[in-house]
Amino acid sequence: MKNREIAKLFEEMADILEIKGDNVFKINAYRKAARAIGDLSQDVDTLMKEKSLRDIPGVGEGIAKKIVEYLETGKMSKYEELRKGLPEGLLKMMTIPGLGPKTVALVHKTKGISSIAQLETAVKEGRLRDLPGLGPKKEENILRGISLLRQSGKRIPLGVAIPILDQMVEEIKKRTKVGKISPAGSLRRMKETIGDIDILVAGRNGRRIIQAFTTLPQVDEILAAGETKGSIIVHGGLQVDLRVVPEASFGAALQYFTGSKAHNIHLREIAKANGMKISEYGIFRGQRKIGGRKEEEIYSALGLAWIPPEMREDRGEVALASRERLPALVEKTHIRGDFHVHSNWSDGSASIEKMALAARDRGYQFVAICDHSQSLKFAGGLSEERILRQIDEIHKLNQKLSGIVVLAGTEVDIKTDGSLDFPDSILERLDVVVAAIHSGFKQPEKTISRRLLGAVENPHVDIVAHPTGRLISSRPPYQVNLEELMAKAAETGTALEINAYYDRLDLNDLQCRRAAQLGVKLAIGTDAHHPDQLWMMRLGLATARRGWLEKKDLLNTWPLKKIRRFFNLN
DNA sequence: GCCGTTTTCGGCCCGACTGTTTTCAGTCG
């Protein structure tokens, strides 16, 4: 799958054209195409063979030709040509916050600067003073941008950002009187990683609210503090922006700042084509404001159904909203249980009973205890004898507990040779068999795919856990032919997991969507090792919603009876 | 470079903040 690779090339071409001062619309066209290609759930190679590259929105004759050239020859001549004579360092300089293409081009042209290090030295030696538009403040900003880039600049997992947000919102509420307050941006869309946190507040006294915000104890640095916008860096290097708007514009602002950018541009195009204009203050026909207090007013003025934030990525949702054909996304209240938690029998830190009671407190009807299997020594994997004892213990516990059913399960290892870590005689005694790869991540695609396909074909395996093995902040996915895996899972009635652990989210949003298209059922498991981690169901649910899943697609929403039938249990 | 129930040419989202400006450019989201 070369999608990401190609997307990156176009993205880089856009950066280069920007430095060269080329037509901004052409630059945007490249960016738009790059994003669309990066978002594809199907292989571009397949699309090329089907002659349907031009069906990708934003891909026209020119870009399609470039894709074909790259897939056939491994090279893109236009890219090579643009790259020629352009130091790598210039593109790196573009990533310094506050520094854009104009400034990069200026210092390169006039001072021959072509790397971040050279830029830093030049500023410190005062060699940029004579340039137009470069005063002392700007020099200071460049240095700060460089240090900011060095200490952070990375996106953080959603599951790390959410607790930070919750704490800040509490603190702001304590310190000043605010009306409505809501996260916006990628956090509200529940994207798997967050670049910065956006908070939106309805209130009258902007200056006072911004003041309360910029003096929070978490603040490391203040980047901006105006009438309506404050921007800070908190400990750990994360940027948090807060905006204050009047109550009458709150909906418009929430819509606007939630994005995504591509989604908003799409809406604005529709508005413009129909003689309207959208801004964060409302939707207008001429001078007349026709909506803005509520988010729904923006969408309805455009003839669209309200679109859930998780879908706002310009991946086809706008067209569906115009035809009243949006999927009815699965909701929190639909969730009846968790398919994958650990106990202190393996590497969890709480007893089975504690996990069960915590699940009951969350309103669940069932929870599956899926401890590791024998090979996983470092995780305290259960021997055959111990898992039989655990099954007994779970049966006894179910006699005792009311209001929650504990399912006896396992997270059985798929070993490097493709065999499962328990014999069928054990697996057939379990309610839920979750199979997963924990070793041999570097094996070639054919080998890994064969291991996973073997697991899916085993009649006792109900769910394949974290199917790609990626860790968001530290490990790329292993090589697996997902398309083939999904087809086989659909055929055998095996579910694929949405592992909701904050560093996994595996399958991810687009993969979920593709799976559902192919008729695969999904099952969220939090992989919680402690009762305090059960909340991550929220992350798994978000991933499901971002993957456009409906109630029927997700086993967690089904009654236990129906689940048992799907798993072929009596 | 893309795109078309206004268009195959002439458009292509919109506003805040900052800094260095005396009316605006650059950057960001």
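Naming: A, B, ... by sequence-line order, numbering from 1 per chain.
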Whole Å only: how far is the [atom1] atom of [X] from the [atom2] atom of [N]?
X	N	atom1	atom2	result
A/Lys20	B/dG1	NZ	P	13 Å
A/Met93	B/dT27	CE	C1'	15 Å
A/Ile270	B/dC3	CD1	C1'	15 Å
A/Ile27	B/dG1	CD1	C1'	11 Å
A/Glu18	B/dT27	CD	P	8 Å
A/Asp314	B/dC3	CG	C1'	14 Å
A/Ile37	B/dG1	CD1	C1'	12 Å
A/Ile142	B/dG26	CD1	P	14 Å

Can you tell me how far [atom1] in [N] sits from the matching atom in [M], rounded to whole Å?
N	M	atom1	result
B/dC17	B/dC12	P	25 Å
B/dC9	B/dG15	P	31 Å
B/dC13	B/dG29	C1'	12 Å
B/dT5	B/dG1	C1'	24 Å
B/dT7	B/dG11	P	14 Å
B/dT20	B/dT27	C1'	15 Å

With no hydrogens and no angle check, do the side chains of [X] and [Y] hold a donor and an acceptor under 3.5 Å apart?
X	Y	result
A/Asn141	A/Arg144	yes
A/Arg188	A/Thr258	yes
A/Asp527	A/Asn499	yes
A/Glu5	A/Asn3	no
A/Asp509	A/Thr543	no
A/Gln517	A/Arg514	yes

Inset, instruction - Please confirm whether the backbone N or O of A/Asp166 pairs with a side-chain atom of A/Glu170, one donor and one acceptor, at under 3.5 Å? - result: no
Fill in: Side-chain donor or acceptor of A/Glu317 paired with backbone N/O of A/Asp314 under 3.5 Å
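Side chain of A/Glu317 to backbone of A/Asp314: a pair is present.
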Step through the shown structure and confirm whether more than 12 heavy atoms of other residues, nucleotides or ligands are within 6.0 Å of NZ on A/Lys180. yes
Nucleotide by nucleotide, nucleotides 13-23 of chain B touches protein heavy atoms under 4.0 Å in the pattern (B base, S sugar-phosphate only, - none) BBSSSSSS---
When we call it a touch if two heavy atoms are under 4.0 Å apart, what does A/Thr103 touch: a base, just sugar-phosphate, or nothing? sugar-phosphate
Counting any heavy atom closer than 4.0 Å, what does A/Leu99 reach on the DNA or RNA strands: base, sugar-phosphate only, or nothing?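 The residue A/Leu99 makes sugar-phosphate contact but no base contact.
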- Considering only NZ, NE, NH1 and NH2 on the basic side and carboxylate oxygens on the acidic side, decide whether A/Glu310 and A/Arg538 come within less than 4.0 Å.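 Between A/Arg538 and A/Glu310 there is no salt bridge, as every charged N stays at least 4.0 Å from the carboxylate O atoms.
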| message | So which atom in A/Val59 and which in A/Ala64 form the shortest heavy-atom distance, rounded to 0.1 Å? | response |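 The pair with the smallest heavy-atom distance is CG1-N, 3.7 Å.
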The correct set of residues in residues 283-313 of chain A placing a heavy atom under 4.0 Å from DNA chain B is none
Within residues 61-75 of chain A, those residues having any heavy atom closer than 4.0 Å to DNA chain B are A/Glu61, A/Gly62, A/Ile63, A/Lys66
> Would A/Gln533 and A/Tyr502 count as a side chain to side chain donor-acceptor pair (under 3.5 Å) if you check the C-alpha gap in whole Å, the side-chain angles of each, and the deciding distance to 0.1 Å?
Replying inline: CA-CA 9 Å; A/Gln533 294 176 341; A/Tyr502 80 96; over 6 Å; no
Residue among A/Glu295, A/Glu296, A/Gln255 satisfying side-chain hydrogen bond (donor to acceptor under 3.5 Å, both in side chains) with A/Trp306: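 The option that passes is A/Glu295.
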Any strand is fair game: report the nucleotide pairing with B/dC3 by Watson-Crick or G-U wobble, both distances under 3.5 Å, or none.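 Paired with B/dG10.
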Sorted by position of nearest nucleotide on DNA chain B, 5' first, the leading residue of A/Gly100 and A/Lys78 is A/Lys78
